[in-house]
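All remarks here apply to the structure that follows.
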Number of protein chains: 2
Amino acid sequence: MNLLLPPDCSPETRFLLGISGGRDSVALLEALWAAGYRHLILCHLNHQLRGSDSDGDAAFVADLARAYGLEAEIGSGDVRALAARARISIELAARRARLSFFKECAARHDIPRVLLAHHAGDQVETILMRLLRGTGRKGLGGMRPVARLGGLILIRPFLQTRRDHLPLPARFREDASNATDLFLRNRLRNRAIPVLREAFGRDFTEAVGSMAEVLREEERLLEQWAGESLRSLGDGGNGLDAKRFRALPVALQRRVLLGWMSGAGVPGIGFRHVEAARQVGLGSASPAKVNLPGDWHLRRRAGSLLLDPPSPGPSGHLGDLGRPQ
Amino acid sequence: MNLLLPPDCSPETRFLLGISGGRDSVALLEALWAAGYRHLILCHLNHQLRGSDSDGDAAFVADLARAYGLEAEIGSGDVRALAARARISIELAARRARLSFFKECAARHDIPRVLLAHHAGDQVETILMRLLRGTGRKGLGGMRPVARLGGLILIRPFLQTRRDHLPLPARFREDASNATDLFLRNRLRNRAIPVLREAFGRDFTEAVGSMAEVLREEERLLEQWAGESLRSLGDGGNGLDAKRFRALPVALQRRVLLGWMSGAGVPGIGFRHVEAARQVGLGSASPAKVNLPGDWHLRRRAGSLLLDPPSPGPSGHLGDLGRPQ
């Protein structure tokens, strides 16, 4: 089991440690402690999804902190209510709640680094979920070992280690790490992946992990190229140069359009929107206009591609349908 | 159900039609016939994997040809023996046998175009298999709607259509299309994918298919860039320029090395070989040499990266281990 940490981290570095009380996050605490890391603040968010069980997890983490003589931040958030309010999945609501909780902790202690216990098995689940959602090369790169997000630096020292290679902690909460079948991740972990492994005939954790590393670097490169292409086409406010757009390889046409539209604020863009926009850009669609989500429109006029924002107030035929919440 | 054919194809075009006698390939025959395509030669290879069942499939295809008044090519190959001889999986042996059978038919009739009945569900299985094998780059793009292979033009008119959107043929062989549990593909189809779909909560065929289309175009672009980068680094025979190599983005370093080594004939290159070679190229590995499969070696010397072929005869410490069969 090797602890994968960025070169600028040492036992003197101060960290927040995201901890559920489950096997993986407690194993991370023990591994860090064994490696001489002492400046750790245990951060636990009670998701209130499993009643007294959840409270038990929080209490366990508080005990653990006392046992190690470490500070603890125990937060609590009604994730179900949050999900209902924002009309999002409980899974997404939980992720948002954790993120804002970590941000609070980071601000309070002036510590941007958050250690997370995601391991190679979690990575496989993430990649599988994203494959099924069709979220392309970016998604298939999975979680990053080090990721900057909203002022935080998320660090995943176990990301290249298989769970069965992690040391078993002395004590941990049996259920905590496995939450509930409410989560797609857990349904994949508990039902689908065992069947996949059996059908495949051997473990695929390492193969998928290496593939993800390759895809992450390719994604970085493609995004850079797409960004340069987008800038070379305009849009200082006069849209994109349609002629130059047509000269791009298909893959860059797609990324340029996606970057341009999402950058302008068009919500929920899918593959078919990008392809419809691309046909307009190629001049092969007539009329030279396409409806986009959130009542946005893309037009081709006088050699330029233009984005029209939703007209204010009660508006066109799409009305407020598809407006971002 | 839409029949996806290249623009240069018409009812006057002559095709070979790969047909198992199963539901999908008979549906393709019926769809083509309904669309006015008459110049079809039914090509069926008896894999001899299911005894009298296999013979029954072959007889069925012959009857079908008579019923439609079409020519048929019924071939036969002992796939099990081929697999044993070549020390490969039965799945791979079957694919090779079909390919060389199609090549024979193509030569005999001077028809390069082979129609195959792969549908969007087959595409999902292919991509899932390749994900589990970790064949990131190309693999996740799945099968191509039109693919040139060894003089053949493989065409898959159903590739974007879900199986449950294909018309049910009047008569077909129940088992033919589903062969046997010997094949990973069938284990995924029959066991794993139903569980995945149930865990995911909805069908993911279309999402995965769109993602594959995006990845195929990105792959084309990356391969083109990697090819140009490789040529700009040498190797006219004096290896690659190490300084220029180091200046490349990581993603291109990997593709350049992979293309260079496999182009030179190094067998079975995996992620860890590419990474080991990359460390030598970056000058961060010492000694500046790495062992590759098939007793090849990669060295850095005087600012160049060099590939050493296996020494002839009884050779270095790796001996003949890893030599390609």
Side-chain angles (χ1 to χ4, degrees), chain A residues 124 127-137 139-141 181 184-222 224-225 248-255 270-272 274-275, chain B residues 124 127-137 139-140 181 184-222 224-225 248-255 258 270-272 274-275:
Chain A
V124 169
I127 290 166
L128 195 54
M129 276 193 283
R130 293 178 177 180
L131 173 77
L132 302 182
R133 289 180 177 139
T135 54
R137 190 175 296 265
L140 294 172
D181 234 24
L184 168 60
R185 174 179 295 277
N186 296 326
R187 293 197 300 273
L188 289 179
R189 176 184 305 159
N190 303 329
R191 300 191 217 154
I193 288 180
V195 181
L196 262 183
R197 182 169 290 114
E198 199 252 334
F200 190 59
R202 64 175 192 274
D203 183 75
F204 41 74
T205 310
E206 196 186 327
V208 173
S210 304
M211 182 208 70
E213 159 62 20
V214 169
L215 291 176
R216 279 197 300 274
E217 285 301 326
E218 293 182 346
E219 176 62 24
R220 189 198 305 274
L221 187 61
L222 287 164
Q224 184 192 325
W225 272 322
L248 291 175
V250 174
L252 283 184
Q253 290 176 345
R254 287 177 173 144
R255 282 178 179 260
F271 177 71
R272 73 178 191 287
V274 171
E275 284 307 283
Chain B
V124 168
I127 290 167
L128 196 53
M129 276 193 283
R130 294 178 177 178
L131 173 76
L132 301 182
R133 288 181 177 138
T135 54
R137 306 168 188 75
L140 295 171
D181 234 25
L184 169 60
R185 174 179 294 277
N186 295 328
R187 293 197 299 273
L188 289 178
R189 175 183 306 159
N190 303 330
R191 300 191 217 152
I193 287 179
V195 180
L196 262 183
R197 182 168 291 115
E198 196 250 332
F200 190 59
R202 65 175 191 274
D203 183 76
F204 42 74
T205 310
E206 196 186 328
V208 173
S210 304
M211 182 209 71
E213 159 62 20
V214 169
L215 290 177
R216 279 197 300 274
E217 285 301 326
E218 293 182 346
E219 175 63 25
R220 189 197 307 273
L221 187 61
L222 287 164
Q224 184 191 326
W225 272 322
L248 292 175
V250 174
L252 283 184
Q253 289 175 345
R254 287 177 174 145
R255 281 178 179 260
L258 185 63
F271 177 70
R272 72 177 192 288
V274 172
E275 285 307 284

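Computed from heavy atoms alone, side chains included, the values below leave out hydrogens, waters and symmetry copies. Every chain is numbered from 1, with letters handed out A, B, ... down the list of sequences.
With sequence neighbours excluded, the residues forming a salt bridge (charged side-chain N to carboxylate O under 4.0 Å, His left out) with R185(B) are E125(B), listed by chain and number. For the salt bridge (charged side-chain N to carboxylate O under 4.0 Å, His left out) test, no residue two or more places apart in sequence or in another chain qualifies with E206(B).
Counting heavy-atom pairs closer than 4.5 Å to chain A, the top-ranked of the candidates G209(B), P194(B), A251(B) is A251(B). Considering only heavy-atom pairs separated by less than 4.5 Å from chain A, the leading option among A207(B), A212(B), P249(B) is A207(B).
Two residues are said to be in side-chain contact when any heavy atoms from C-beta on lie closer than 4.5 Å; L140(A) and L215(B) meet this criterion. Under the 4.5 Å side-chain criterion, counting only non-hydrogen atoms from C-beta, R220(B) is not in contact with V250(A). In this structure, L196(A) and V195(B) have side chains that are not in contact, with every pair of non-hydrogen atoms separated by 4.5 Å or more.
Ion pairing of E217(A) with R254(B) is absent here, as no side-chain N (NZ or NE/NH1/NH2) approaches a carboxylate O to less than 4.0 Å.
Atom CH2 of W225(B) sits about 6.5 Å away from atom CG of L222(A), to the nearest 0.5 Å. Atom CG in L252(B) sits 8.5 Å away from atom CD in E218(A) (nearest 0.5 Å).
Heavy atoms of E213(B) lying under 4.5 Å from chain A belong to its backbone as well as its side chain. Interface remark: L221(A) contributes side-chain atoms only to the contact with chain B (heavy atom separation under 4.5 Å). Using a 4.5 Å cut-off between heavy atoms, I193(B) does not touch chain A at all. Of the two parts of L132(B), the backbone and the side chain both hold a non-hydrogen atom closer than 4.5 Å to a non-hydrogen atom of chain A.
Looking at every heavy atom in both residues, R133(A) comes nearest to F200(B) through CG-CZ, 3.8 Å. Between L131(A) and V208(B), the shortest heavy-atom contact is O-CG2, 3.4 Å.
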